[in-house]
Asker: 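Handing you this structure, nothing more for now.
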Amino acid sequence: MKTIDELLAAGVSGKRVFVRADLNVPLSDGTITDDGRIRAVLPTVKALADAGAKVVVASHLGRPKGAPDPAFSLAPAASRLGELLGSAVAFATDTVGQSAQDTVAGLAEGQVAVLENLRFNAGETSKDDAERGAFADQLAALADVYVGDGFGAVHRKHASVYDLPAKLPHYAGYLIATEVDVLKKLTEDVRRPYVVVLGGAKVSDKLAVIDQLLDKADRLLIGGGMAYTFLKAKGHEVGISLLQEDQVPAVTEYMERAEKQGVELVLPVDVVVSRTFPDLKTKAPTEHTVVDADKIPADQEGLDIGPKTRELYASKLADAATVFWNGPMGVFEHPDYAEGTKAVAQALVDSDGFTVVGGGDSAAAVRTLGFDETAFGHISTGGGASLEYLEGKTLPGLAALED
Ligand SMILES: Nc1ncnc2c1ncn2[C@@H]1O[C@H](COP(=O)(O)OP(=O)(O)OP(=O)(O)O)[C@@H](O)[C@H]1O
Ligand SMILES: O=C(O)[C@H](O)COP(=O)(O)O
């Protein structure tokens, strides 16, 4: 995989360099609530601009349906990028149309432009190779060189991630190079005990990675929305909690395999429950109680791990030599359900091991809950991407950067 340093050494002055970033940042009423992914691409953008390149930054945001949707515009991300760079960033109001062509043509050496959301064009995510290829051809016409730096999207076989690199000289940016280095440490001769903490809401995505982790990890701690499918599989009432009913058989099999393979698979022993899902906009205080994990009332849902579980998980993390954590332990966006995520984050800060936080929401949780990012070994910008890497899958966006 050729890296950006090789590109810079060869000289980029005056060249149009297409940087595929992951600027898929959380927004609330058009305001960016966590700019971590924008900060993560700064080293690459700065190095190219300082070397005189005409930098064309492109990304997706959210999941628009292949057509323009103002709610998913990259304009706020573009202006935040400009603030962080300390210089004006040109913004194209389309992806490959007249605005993009004029904006790129008007770039001076060292200047940066951001294209509008790539997923406003159906070709970006199309399952049809020809349709994706045609869109990639239009993107290629805007650049002389390609730099892949959107780690959070490398598991997607999309035009700007997979098809476009083949059409231009291509290099890995600093973020992708760092992320791959870190994740390699988690897949090759990992230091033990190796503890994995899984939570969050994308239950089905993550269950698949457990299958692989059972052969690698020494301990698996389950929290967040993930936990209730496991508790159901143990025969417990889970009320109206987040549940992937069709995954109960698979989860049962995982628990049996963990037992056989001597992998400690730890589930919550108590949970914070409520009758209703909290209002994440008003964050109005909610009625909630702590119950044993096998006593969730039928009309209530588990929204965070309870105090006994927080202590239990901290004790299971205390001697870890390596930790990978993906997925918040509860609905951390609401103060009534943030304590579990805080407790796990604190346990990683207290750990002497190598700690990796993998995931857009998990990384955002660590930052918004006030933890110092440097207290962790690495905060990945990709949740799904890091999980699929750990699964041992070939990631399209990384394969496309190999010669
Ligand atoms: N018990 C629960 N019930 C419902 N939702 C929950 C629960 N616990 C956590 N969540 C939600 O899970 C969401 C994050 O899950 P997700 O799987 O997306 O995390 P992530 O993997 O870190 O993010 P990404 O995949 O975007 O990198 C949060 O918005 C949180 O509110
Ligand atoms: O948030 C993420 O995980 C990445 O930006 C990928 O987004 P996607 O799941 O919509 O492809």
Side-chain angles (χ1 to χ4, degrees), residues 26 28 33 196-207 210 220-255 258 264-317 325-347 359-362 364-366 368-369 383:
S28 173
T33 56
V196 172
V197 187
L198 282 183
K202 295 178 190 166
V203 182
S204 44
D205 285 6
K206 305 193 184 184
L207 288 175
I210 291 176
L220 267 179
L221 313 184
I222 306 291
M226 294 280 290
Y228 306 96
T229 303
F230 283 83
L231 293 172
K232 180 82 175 175
K234 292 193 74 163
H236 300 324
E237 170 63 62
V238 294
I240 54 171
S241 305
L242 201 64
L243 174 64
Q244 200 91 23
E245 189 92 45
D246 62 335
Q247 297 289 330
V248 167
V251 157
T252 305
E253 193 252 325
Y254 294 149
M255 291 196 281
E264 248 191 297
L265 197 155
V266 191
L267 300 179
V269 293
D270 60 347
V271 293
V272 185
V273 296
S274 178
R275 281 187 173 71
T276 52
F277 194 83
D279 182 327
L280 299 185
K281 278 211 189 324
T282 64
K283 300 190 195 303
T286 65
E287 276 196 35
H288 54 278
T289 53
V290 177
V291 298
D292 288 349
D294 59 356
K295 295 196 176 49
I296 298 172
D299 64 340
Q300 300 197 35
E301 59 179 312
L303 294 168
D304 194 8
I305 57 175
K308 287 182 198 150
T309 304
R310 292 169 212 157
E311 276 179 41
L312 173 64
Y313 284 15
S315 71
K316 295 292 181 185
L317 286 160
W325 169 28
N326 168 264
M329 295 292 98
V331 184
F332 75 95
E333 299 93 332
H334 191 289
D336 292 351
Y337 310 106
E339 292 308 314
T341 302
K342 278 185 194 168
V344 165
Q346 189 56 54
D361 287 298
S362 314
V366 158
T368 48
L369 292 174

Asker: Could you tell me which residues satisfy side chain to side chain contact (heavy atoms under 4.5 Å, CB included) with Gln346, sequence neighbours excluded, listed by chain and number?
Answerer: Val349, Asp350, Phe371
Asker: List the residues meeting side-chain hydrogen bond (donor to acceptor under 3.5 Å, both in side chains) with Asn326, not counting sequence neighbours, and say none if there are none.
Answerer: Lys206
Asker: May I have all residue pairs that pass side-chain hydrogen bond (donor to acceptor under 3.5 Å, both in side chains) and include part of residues 265-276, sequence neighbours excluded?
Answerer: Asp270-Thr309, Arg275-Asp299
Asker: Glu339: what forms a side-chain hydrogen bond (donor to acceptor under 3.5 Å, both in side chains) with it, not counting sequence neighbours?
Answerer: Lys342
Asker: Decide yes or no for Ile240 and Phe277: does some side-chain heavy atom of the first lie under 4.5 Å from some side-chain heavy atom of the second?
Answerer: no
Asker: Between Val271 and Gln300, is a side chain to side chain contact (heavy atoms under 4.5 Å, CB included) present by the stated rule, with each step listed?
Answerer: CA-CA 11 Å; Val271 293; Gln300 300 197 35; over 6 Å; no
Asker: Tell me every residue that passes side-chain hydrogen bond (donor to acceptor under 3.5 Å, both in side chains) with Ser362, counting only those two or more places apart in sequence or in another chain.
Answerer: none
Asker: Is the closest side-chain heavy-atom distance between Leu242 and Glu301 below 4.5 Å?
Answerer: no
Asker: Looking only at atom types and distance, does a side-chain atom of Thr341 sit under 3.5 Å from a main-chain N or O of Pro328, one as donor and one as acceptor?
Answerer: no
Asker: So, using side chain to side chain contact (heavy atoms under 4.5 Å, CB included) as the criterion, who are the partners of Ala233 when residues are at least two apart?
Answerer: Val248, Val251, Thr252, Met255
Asker: If you measure from CG on Leu303 to CE on Met329, what distance do you get to the nearest 0.5 Å?
Answerer: 14.0 Å
Asker: Identify the residue among Leu267, Leu265, Leu317 that makes a side chain to side chain contact (heavy atoms under 4.5 Å, CB included) with Leu221.
Answerer: Leu317
Asker: Output every pair passing ring-ring contact (aromatic ring centres under 6.0 Å, His included) with a member in residues 225-251, not counting sequence neighbours, ordered by first then second residue.
Answerer: none
Asker: Only pairs at least two apart or in different chains count here, so list each salt bridge (charged side-chain N to carboxylate O under 4.0 Å, His left out) that has a residue in residues 228-254.
Answerer: none
Asker: Check side chain to side chain contact (heavy atoms under 4.5 Å, CB included) between Ala364 and all other residues, then give those that pass, not counting sequence neighbours.
Answerer: Asp34
Asker: In Å, rounded to the nearest 0.5 Å, how long is the span from CG of Leu243 to CG of Leu231?
Answerer: 10.0 Å
Asker: State, with a plain yes or no, whether a side-chain heavy atom of Leu312 is found less than 4.5 Å away from one of Ile305.
Answerer: no
Asker: Without swapping roles, check the side chain of Thr33 against the backbone of Ser28 for a donor-acceptor pair under 3.5 Å.
Answerer: no
Asker: Give the minimum heavy-atom separation between Gly340 and Arg310, together with the two atoms involved.
Answerer: N-NE, 3.8 Å
Asker: What donor-acceptor contacts under 3.5 angstrom involve side-chain atoms of residues 283-296, with partners at least two apart or in another chain?
Answerer:
from: Lys283; atom 1: NZ; to: Leu280; atom 2: O; distance (Å): 3.1
from: Lys283; atom 1: NZ; to: Glu333; atom 2: O; distance (Å): 2.9
from: Thr286; atom 1: OG1; to: His288; atom 2: ND1; distance (Å): 3.2
from: Thr286; atom 1: OG1; to: Asp336; atom 2: OD2; distance (Å): 2.7
from: Thr286; atom 1: OG1; to: Tyr337; atom 2: OH; distance (Å): 2.6
from: His288; atom 1: ND1; to: Thr286; atom 2: O; distance (Å): 2.9

